Amino acid sequence: MANQNYNPFVNAQTQFDRVAEILELDQGTRDLLRQHCQEIHFTIPVKMDDGTTKVFKAFRMIHNDARGPGKGGLRFHPHETADTVRALSMWMTWKCAAVDIPLGGAKGGVVCDPRTMSKGEQERLCRGYIRRLKSLVGYNIDVPAPDVMTNGQHMMWMLDEYESIMGQRFPGMITGKPVGMGGSLGRTEATGYGVIYCLRECLKNMNIDITKTSASIQGFGNVAEYAARLYTELGGKVVAVSCWNAEDKTAYTFRKLEGCDPAELAAIKDAFGSIDKEKALALGYEVLPGDEWLCQEVDVLIPAALENQITPAVFPKISKKVKVLCEAANGPTTPDCDQLIEDAGIMLIPDFMCNAGGVTCSYFEQVQGNMNYYWPKEEVLEKLENAMTKAFQNIYDLAQEKKLYMRDAAYVVAINRVVNAVKLRGWV
Ligand code: GLU
């Protein structure tokens with residue numbers, strides 16, 4: 001569960017303010033970039049299977065669209081708030097700029113728990129979301145995608161609703177679609193693989209052999225699963241994986257010191273990333289408390305769940321062995337922990353660089369949709385690998401050259417690109 005003692009939007013603004021200071025941005029530019037171009041708050045009435053109507057609170061926000069249409073996922077989560085969506089859409093602006101794709105930053109959320117909803121209820125919720133937003137989304141306005149607890153099927157229902165209203169086909173209106181329905185091969189793997197492309201480059205720069213490293217991962221949704229798979233393929237050892245258990249309303253850490261098998265764990269997880277405890281025990285995994293993932297004697301920590309997980313309160317539990325903190329989640333570290341990470345000499349791969357593989361592949365999905373010609377998976381992954389490697393190295397080199405903390409270096413690269421765009425447009 002997200003740590004509710006921290007407000008992610010305050011965190012996002014704090015990170016921005018720090019780098020705005022380094023870059024000596026003028027007040028107008030700061031005012032523009034620490035707020036949103038557009039915020040929509042609305043409700044979606046849904047007829048539930050039992051005949052009652054339930055009203056869900058929903059959001060869609062565009063932080064900045066100077067570099068291109070708004071782009072970003074849609075989360076279904078019982079703890080979604082306006083401020084989580086504000087933070088996440090702001091991070092999307094930096095993410096798209098960090099990998100230099102021509103898109104702006106946006107995000108959406110619905111306060112709901114799809115784990116407790118039938119398929120029909122989820123479909124009606126998705127259609128209701130788009131009915132309300134129909135004139136505010138579109139391939140050249142704002143393009144949603146999957147995120148926490150949403151998937152290709154949700155995207156498809158939304159696209160179908162949009163196209164039914166418009167009376168035309170608009171495959172570029174949404175990304176993360178199923179393959180064969182305008183989706184890109186490799187999209188499912190893209191975010192997790194992107195995380196590991198960054199980690200691989202980072203370890204190379206640090207002269208560390210990936211095959212001699214071990215990692216502990218928080219989360220086992222789509223991002224964590226594919227990160228675990230590629231890391232293992234490259235010779236790394238995943239020692240522990242932690243995930244939320246909806247039934248017990250708590251998290252568990254699943255540990256196998258000789259190395260977890262990601263495919264084996266994927267086979268015993270549900271659609272929302274919860275691993276079956278009994279089956280894991282039968283496969284020889286130790287089942288430990290949820291926060292144990294953080295205390296493992298590993299080289300790499302990969303938080304791949306929600307925001308605000310690494311705080312000064314839990315930082316002392318991190319092993320001295322940890323060399324790299326690989327932020328696969330959005331905003332997993334609170335700003336008051338950055339100094340501790342830097343002082344401990346832990347190399348950071350900051351979130352909006354680390355997890356940019358998903359949106360990069362969404363961009364490829366749009367390009368393929370525009371051509372109506374789809375690339376083989378190898379081609380998609382090769383392009384993704386090139387884009388992620390180049391963007392990571394650019395940020396790493398800047399950090400080395402200017403002796404900057406990696407998060408600050410990533411922000412410098414991203415903010416400079418966005419500032420250039422708003423200046424060229426004459427907004428500031
Ligand atoms: N939800 C993903 C993210 O946070 C992907 C967004 C997209 O593809 O637009 O980066």
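Given the structure is predicted, the values throughout are model-derived calculations rather than measurements. Start at 1 and go down the list; that is how both ligands and their atoms are numbered.
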K.L.:
Which of parallel (below 30°), tilted (30 to 60°) and perpendicular (above 60°) describes Phe170 and Tyr139?
P.N.:
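Parallel: the ring planes of Phe170 and Tyr139 meet at under 30°.
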K.L.:
Looking at Gln309 and Thr333, would you say the former's side chain and the latter's main chain have a donor-acceptor pair under 3.5 Å?
P.N.:
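The answer is no, because no donor-acceptor pair under 3.5 Å joins these two groups.
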K.L.:
Tyr363: which residues meet the ring pair (Phe, Tyr, Trp, His ring centres under 6.0 Å) condition with it, sequence neighbours left out?
P.N.:
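Counting only residues at least two positions away or on another chain, Tyr363 forms no ring pair (Phe, Tyr, Trp, His ring centres under 6.0 Å).
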K.L.:
Using the ring-ring contact (aromatic ring centres under 6.0 Å, His included) rule, take Phe220 and Phe254 through it: C-alpha gap first, then chi angles, then the decisive distance, then the call.
P.N.:
CA-CA 10 Å; Phe220 205 60; Phe254 299 89; 8.9 Å; no
K.L.:
Verify the distance criterion only: is there a donor paired with an acceptor across the side chains of Glu365 and Thr175 at less than 3.5 Å?
P.N.:
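Absent: no donor and acceptor within the cut-off.
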K.L.:
Please list, by chain and number, the protein residues whose heavy atoms come under 4.0 Å of ligand 1.
P.N.:
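Lining ligand 1 at under 4.0 Å, by heavy atoms, one finds Lys71, Gly72, Gly73, Met92, Lys95, Lys107, Ala145, Pro146, Asp147, Arg187, Asn330, Gly358, Val359, Ser362.
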K.L.:
What I want to check is whether the side chains of Gln15 and Trp94 have a donor and an acceptor closer together than 3.5 Å.
P.N.:
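Trp94 and Gln15 do not have a side-chain donor-acceptor pair below 3.5 Å.
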